[in-house]
Amino acid sequence: MRGNRMLIHKKVACGLLGATILLNQQYRVYGQPLPGDIVVEGVKVEFDATTGVPITIEGRTHVPLRLMAERLGYKTGWDALAGRVTVEDGNNHISLQIGSPEATINGKQVYIDEREGVPVYSTTASLRNDRTYVPLRFVTENLGCEVNFENGITYITNKQEAEGPIDPWRYQGLLGKGMDVDWSKTEQGRKSYNKQAAQDFKAAGVSHVRIRVKDEADEELFKSLDQQIEDCLEVGLIPIIAYQADEFKNEPSEKNIKKVVKWWETVAERYKDVSHLLSFDLLIEATDTLNKQPEKLNKIYERIVTAIRQTNPTRIIMISPRLRSDAAYLSELNIPTDYNGYLMAQWHFYASGPSKTNERKLWAIGTEEEKALINEKIDLALEWQQSTGIPTWVGAWMPGNYNDGNDYTIHEQVVFATYMSEQLIEAGIPFAVNSDTKFYDRETNEWVEEMLPVRTSIYKK
């Protein structure tokens, strides 16, 4: 595991108070959990030998603390000075403390901190296969969740108010595995979209969709975008609006800066009362022109964020670095003045797929050198997260070089996609795969059969 700033998957309720129940019902219909499964806000928790698996101790279900806490949207770490595991929310408030300077691992006590340092409850934890195990109901209920059992399945729902602001670290955790979609990028995409697509994506294990937009913010766009956002929230997909801003990227003049700021002002006003699950990705990807004028990128972020905050003071906003959102340039980003604590950074790598000849994104058979190229970018993002306290996510990566004719076999794509997914998951960095048109036939509302092995290797159920 890379670093301590890691959270994986928590599904915050959307819409009305009963939405958490709806999400679970949707999962039962499309995801078909089996008896014995643990489902967190509609998403089945995957256990394996790496994460640890649930065990029964004296008739009670015990789960790996780190995995369960992170699935609920909390960061976990190790307090070396105190000699204990910590579970924290996004503001670094310790929620659980496991162990004490005097305690041994086996039989150590679990304390609820309640932020005033007063232990109000404790239970025995145990060490199994180098993992700390605690009772399932204990860790879930004391992290603000409700546990219910039905037909042998454990359903866990978050009890906090659905429409409240979402901490960026928790948002990072609930994003999970997503997909870039062209539902609103083109007129054909808008005409082809229907709710079945959102349902199918959710059923396949997709947690969020990055809805790419390039057209004017007018009623014609909103007619379809409104429906897509509503559908996503209803079925349990997190929607992210990502703006193309081609005119500005090709010519970052003052005139075009104003146009982009106005576009986001209009969008922000339109969706100011929508669930905080909706977020704004300010710029899809910086082009070559902006690479030579990085100051223009920071300038437009400052102005867009200021404009959005007039109507959306606590919505998650995402900024990205230059050189096509390369993690190596995260350090050049200036944090906008009015970011208000609700900011993430979005970055790309292998957005148009790997290459068998380009040394910057080389991948042939998965040599250690090829794997190192992937891990170096991930480590850069983790270092930036640690230094700034701002979480990141990958807005696009592609399993094959589809835009260049694709000289990767399905098996080669599976090998690459498996490694990419595993490394990002291990790092706790969510991602969106580029893109829906390679995997899903929106005319027939059917998954592309040929791509099933690749899709399954990423969105494992």
Side-chain angles (χ1 to χ4, degrees), residues 2 177-182 185 210 212 214 242 244-246 249-250 281 283-294 297 320-333 345-384 392-427 429-439 448 450-451 453-455 457-458:
R2 297 178 173 91
K177 307 171 188 177
M179 188 174 285
D180 292 322
V181 297
D182 291 343
K185 187 176 180 180
R210 184 169 176 252
R212 300 185 288 195
K214 70 174 183 179
Q244 193 100 347
D246 285 335
K249 290 190 293 187
N250 295 328
D281 185 358
L283 197 69
I284 286 181
E285 191 175 71
T287 54
D288 294 339
T289 301
L290 281 172
N291 293 338
K292 302 171 184 177
Q293 303 180 67
L297 200 56
S320 55
R322 67 184 178 99
L323 202 66
R324 299 194 178 277
S325 305
D326 193 322
Y329 295 90
L330 283 166
S331 59
E332 291 185 356
L333 289 174
Q346 179 258 123
W347 56 283
H348 294 173
F349 65 161
Y350 303 87
S352 57
S355 170
K356 295 182 179 180
T357 58
N358 187 335
E359 292 185 357
R360 294 186 65 250
K361 53 178 186 175
L362 188 65
W363 182 278
I365 59 174
T367 65
E368 291 305 311
E369 291 76 13
E370 292 165 356
K371 292 178 179 179
L373 294 175
I374 294 172
N375 294 328
E376 286 169 6
K377 296 296 185 182
I378 294 175
D379 288 340
L380 283 171
L382 291 174
E383 290 169 6
W384 189 83
T392 72
W393 75 295
V394 174
W397 68 267
M398 187 178 283
N401 54 347
Y402 309 137
N403 299 339
D404 297 320
N406 191 29
D407 56 358
Y408 288 88
T409 66
I410 292 296
H411 174 71
E412 289 173 326
Q413 293 175 55
V414 168
V415 173
F416 176 74
T418 298
Y419 188 76
M420 282 282 283
S421 301
E422 288 176 348
Q423 296 309 299
L424 288 167
I425 291 168
E426 180 183 344
I429 296 178
F431 58 80
V433 173
N434 188 18
S435 70
D436 65 319
T437 56
K438 310 302 182 201
F439 296 89
V448 177
E450 179 189 10
M451 296 298 291
V454 183
R455 176 168 62 85
S457 71
I458 302 167

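Start at 1 with the first residue, then count along the sequence.
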With Tyr350 via ring-ring contact (aromatic ring centres under 6.0 Å, His included) - residues at least two apart: Phe416
Can you run down the salt bridge (Lys or Arg N to Asp or Glu O under 4.0 Å) pairs that involve residues 352-362, sequence neighbours left out, and say none if there aren't any? Asp326-Arg360, Lys356-Glu412
Does the side chain of His348 come within less than 4.5 Å of Arg324's, by heavy atoms? no
Going by heavy atoms in the side chains, are Trp347 and Leu380 under 4.5 Å from each other? no
Quick one: CD on Gln346 to CD1 on Ile284, what's the gap to the nearest 0.5 Å? 8.5 Å
With sequence neighbours excluded, tell me which residues meet side-chain hydrogen bond (donor to acceptor under 3.5 Å, both in side chains) with Glu332. Arg322
Considering non-hydrogen atoms only, spot the tightest contact between Leu323 and Asn291 and give its length. N-OD1, 2.6 Å
Closest non-hydrogen atom pair between Pro321 and Leu297, with its separation: C-CD2, 3.9 Å
The reported gap from NZ in Lys185 to CD in Gln244 (rounded to nearest 0.5 angstrom) is 5.0 Å
Which pairs would a plain distance check flag for residues 399-406, meaning a side-chain donor or acceptor within less than 3.5 Å of a matching protein atom at least two apart in sequence or in another chain?
| residue | atom | partner | partner atom | Å |
| --- | --- | --- | --- | --- |
| Asn401 | OD1 | Asp407 | N | 3.1 |
| Asn401 | ND2 | Asp407 | OD1 | 3.0 |
| Tyr402 | OH | Gln413 | OE1 | 2.6 |
| Asn406 | OD1 | Tyr408 | N | 3.4 |

Got Ile429 and Leu382 here, is their nearest side-chain heavy-atom distance under 4.5 Å? yes
Show the numbers, then the answer: is there a side-chain contact (heavy atoms from CB on, under 4.5 Å) between Val454 and Phe439? CA-CA 9 Å; Val454 183; Phe439 296 89; 4.0 Å; yes
Under the salt bridge (Lys or Arg N to Asp or Glu O under 4.0 Å) test, residues paired with Arg210 that sit two or more places apart: Asp180, Asp281
Measure across Ala351 and Glu285 and return the closest heavy-atom pair with its distance rounded to 0.1 Å. CB-OE2, 4.0 Å
Hey, what do you get for CD1 (Ile378) to CG (Leu373), rounding to the nearest 0.5 Å? 11.5 Å
Asp182 side chain vs Asp436 backbone, donor-acceptor pair below 3.5 Å: no
Please report the interatomic distance CD1(Ile374) to CH2(Trp397), rounded to the nearest 0.5 Å. 8.5 Å
Taking side-chain hydrogen bond (donor to acceptor under 3.5 Å, both in side chains) as the definition, give me every residue that meets it alongside Ser320, ordered by chain and number, with sequence neighbours left out. Tyr301
Look up atom CD1 in Ile458 and atom NZ in Lys177, then write down how far apart they are to the nearest 0.5 Å. 8.5 Å
In Å, rounded to the nearest 0.5 Å, how long is the span from CH2 of Trp363 to CD of Glu369? 11.5 Å
